[in-house]
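Every chain is numbered from 1 and lettered A, B, ... according to where its sequence line falls, protein lines coming before strand lines. Side-chain atoms are counted along with the backbone in the values below, which use heavy atoms only and exclude waters and symmetry mates.
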Amino acid sequence: MIRTPILQQTHLLMAQEDPLQNPDLLRQQECLSLLQRCKSIEEFKQTHAQFFKLGLDGDPRRSGSLIATCALSNWGSMDYACSIFGRIEEPGTFEFNTIIRGHVKDTDSQAALILYGKMLERGVEPDNFTYPSLLKACAHLSALEEGFQIHGHVFKLGFESDLFVQNSLINMYGKCGQVKHSSRVFEKMDEISVASWSALIASHASLGLWSGCLRLFGDMNSEGCWRANVSTLVSVLSSCTHLGALDLGRCTHGSLLRNISGLNVIVETSLIDMYVKCGSLEKGLAIFHKMPKKNQFAYSAMISGLAIHGRGKEALDVFSDMLEEGLKPDAVIYVGVLSACSHAGLVSEGRQCFTRMRLKHHIEPTILHYGCMIDLLGRAGLLNEAYELIKSMSMEPNDVVWRCLLSACKVHPNLELAEIAGGKLFQLDPHNAGDYVLLSNIYAQAYQWEDMARMRKDLARRGLIQMPGFSTVEVKRKVHKFVSQDKLRPECDAVYEMIHQMEWQLRFEGYIPDTSQVLLDVNEEEKQQRLSGHSQKLAIAFALIHTSKGSTIRIVKNLRMCSDCHKYTKLISKIFERKIFVRDRNRFHHFQDGTCSCRDYW
DNA sequence: TTAGGGTTAG
């Protein structure tokens with residue numbers, strides 16, 4: 001008989017077995033260990049087939065291990081795992097647990113829940129190992145109803161005090177948007193692990209409760225019993241990113257370097273995203289270029305980071321590197337690539353990418369990709385092409401798409417298309433005050449005063465108000481939030497005094513307030529007062545008072561910057577000799593010496 | 001032999 005190398009090895013191991021051990025069990029263990037050492041699914045299948053021929057397969061205990069080896073390794077071999085599972089006549093709790101876990105790892109959470117149903121149907125008792133996987137499946141699917149049901153089973157079977165189950169419950173409720181339930185489970189726990197804190201912190205982060213997330217991190221540290229691990233710190237980094245808290249992000253980076261050996265690709269991606277979105281693009285680039293191995297997430301973070309800083313050409317270079325490395329682009333990466341073209345005005349490159357996305361990479365454009373393209377064409381003044389693209393869309397255009405066209409019609413006046421876009425917007429989103437103002441300004445540009453007045457009247461009749469704007473600024477590692485027209489904060493007296501001084505100096509630089517975007521029907525003086533109270537100006541004034549001369553000011557806003565704040569900030573950067581970085585809803589603006597990196601093209 | 005927490009767009 002010609003032996004394959006694997007079988008030679010098996011025989012060798014069998015010959016070496018300890019007579020004191022159970023020879024059958026030893027043989028089974030050796031088979032399993034050989035299977036576990038296989039380097040690929042092909043090798044695994046071949047070895048398994050040989051054991052099957054030799055009659056070493058069939059014991060349910062070993063079958064469970066085989067499923068585990070196959071399903072839980074990184075081969076993506078769930079089909080094969082399922083075929084092994086299907087051959088077991090009477091799968092027990094362990095086999096069900098393993099196949100369920102495999103499906104969850106393979107992100108086929110629906111299949112995991114179906115298998116749980118089958119498990120119950122067959123009368124197989126779930127145990128405390130079954131539930132963490134199932135709860136994770138509910139978390140993936142945001143399936144709250146199923147999550148509640150499973151929590152009921154957990155309670156009935158008495159697993160509610162199991163630490164792993166509790167942590168999974170916290171996570172499930174968090175991912176289903178029920179952070180109150182997460183907190184309730186956490187508060188009831190007798191024993192808490194770092195993973196419990198991480199799950200609770202991540203629950204807050206996944207709901208966008210960034211400040212709450214940082215507060216909890218502070219609580220965890222002040223209790224002093226736990227040392228944050230990678231997962232905790234990644235959630236903290238994500239909160240810093242969204243709050244624009246660069247100093248806090250830097251501290252978290254320091255903590256990672258001190259306490260965690262060898263940062264993995266997830267941490268590095270979070271760090272890139274944090275630095276880039278907190279305004280430190282160069283630091284993000286440095287981490288990116290030093291990464292030993294990059295995945296799609298890392299490329300995506302870097303490409304969209306370069307995009308929001310207006311560095312479109314570099315974003316396209318990084319994209320080319322990614323393709324050269326053999327990584328497959330996905331829909332998310334193409335959003336970054338197209339928005340990079342849009343922010344930098346790269347029209348022909350954007351058109352090429354849009355075509356390549358569909359024809360070469362077979363990615364169907366979503367509404368986000370169309371949004372980027374309409375924005376790109378509209379900014380470049382190609383309004384008819386943008387409108388034709390909207391008409392050719394395979395799905396119903398949404399308000400974002402029409403708003404891109406309407407904004408473009410203001411920059412490159414086109415009354416006919418503006419009225420079409422405006423009409424669609426008033427149908428799709430009749431409560432957005434900004435759209436009425438935009439169209440009324442377009443009428444004003446075209447000297448159509450009656451239409452302008454009609455828009456303003458419509459706005460007043462509907463009683464619409466703009467979403468309140470806010471800006472955050474980090475001073476001495478603390479994030480300070482200012483709401484538009486803020487008068488409640490104790491610092492406000494000093495802030496308004498500073499604004500008074502700033503405006504005094506601005507007048508010498510020729511600043512005239514641009515009140516065209518003030519919605520209220522009040523006199524000019526009151527409109528100017530409203531402009532002075534814009535949150536961005538309050539945040540800049542606060543930073544000028546509390547930071548040292550020459551230091552950079554970094555601001556994050558929830559809305560797009562208005563044209564008055566843009567003009568104002570450019571002049572302030574010159575008068576006070578400060579670099580001011582503002583992240584608005586769309587992109588970054590680097591103000592320095594009276595100019596902005598967006599070249600007034602935003 | 002099995003279980004928990006983390007990253008990219010909008």
Side-chain angles (χ1 to χ4, degrees), chain A residues 25 28-29 32-33 35-36 59-69 71-72 92-102 104-105 126-136 139 159 162-172 174-175 182 192-203 205-206 228-239 241 256 260 263-274 276-277 294-305 307-308 322 329-340 366-369 371-372 398 400 585-586:
Chain A
L25 188 63
Q28 285 168 10
Q29 279 173 355
L32 181 62
S33 125
L35 282 166
Q36 280 168 340
D59 178 342
R61 280 167 56 109
R62 200 168 53 243
S63 301
S65 303
L66 290 178
I67 301 165
T69 315
L72 305 184
T93 306
F94 176 60
E95 283 71 49
F96 268 107
N97 285 355
T98 346
I99 197 83
I100 286 174
R101 169 85 181 102
V104 175
K105 192 168 185 272
D127 62 10
N128 54 328
F129 288 91
T130 318
Y131 287 104
S133 305
L134 287 173
L135 290 165
K136 200 172 185 176
F159 299 132
D162 181 290
L163 181 63
F164 281 72
V165 172
Q166 287 168 323
N167 291 343
S168 308
L169 280 168
I170 296 173
N171 181 45
M172 180 276 290
K175 295 288 181 316
S182 299
I192 289 170
S193 65
V194 189
S196 323
W197 278 108
S198 291
L200 187 66
I201 289 173
S203 297
S206 67
N229 61 14
V230 184
S231 306
T232 333
L233 293 173
V234 166
S235 293
V236 171
L237 275 178
S238 165
S239 301
T241 307
L256 278 161
I260 315 282
L263 304 184
N264 65 21
V265 63
I266 297 180
V267 189
E268 286 168 321
T269 305
S270 307
L271 282 168
I272 293 170
D273 198 40
M274 183 278 291
V276 164
K277 292 204 183 126
K294 305 176 182 90
N295 65 7
Q296 283 172 324
F297 284 78
Y299 274 106
S300 183
M302 199 64 254
I303 291 169
S304 58
I308 56 169
M322 184 189 126
D330 63 9
V332 176
I333 287 175
Y334 265 111
V335 172
V337 170
L338 295 176
S339 81
T366 66
I367 199 101
L368 297 173
H369 301 105
C372 292
N398 66 1
V400 178
R585 217 169 103 167
N586 252 19

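Counting non-hydrogen atoms under 4.0 angstrom, A:K277 reaches the backbone sugars and phosphates but no base.
In summary, the side chains of A:D127 and A:T130 do present a donor paired with an acceptor at a separation below 3.5 Å, with no hydrogens or angles considered.
Listed by chain and number, the residues in a side chain to side chain donor-acceptor pair (under 3.5 Å) with A:T93 amount to none (sequence neighbours excluded). In this structure A:S300 satisfies the side chain to side chain donor-acceptor pair (under 3.5 Å) test with no other residue, sequence neighbours excluded. When the side-chain contact (heavy atoms from CB on, under 4.5 Å) test is applied to A:I367, the partners found at least two apart in sequence or on another chain are A:M393, A:M395, A:N398, A:V401. With sequence neighbours excluded, the residues that form a side-chain contact (heavy atoms from CB on, under 4.5 Å) with A:K136 are A:R101, A:V104, A:H140. Judged as a salt bridge (charged side-chain N to carboxylate O under 4.0 Å, His left out), and not counting sequence neighbours, the contacts of A:K277 are A:D273.
In this structure, the CE atom of A:M322 is 16 Å from the P atom of B:dT8, given to the nearest Å. Summarising the geometry, the separation between CZ on A:R585 and C1' on B:dA9 is reported as 14 Å, rounded to the nearest angstrom. Here B:dT1 presents its C1' atom at 15 Å from CD1 of A:I99, a figure rounded to the nearest Å.
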Protein proximity profile, nucleotides 2-7 of chain B - base contact B, sugar-phosphate-only contact S, no contact -, cut-off 4.0 Å on heavy atoms = BBBBBB

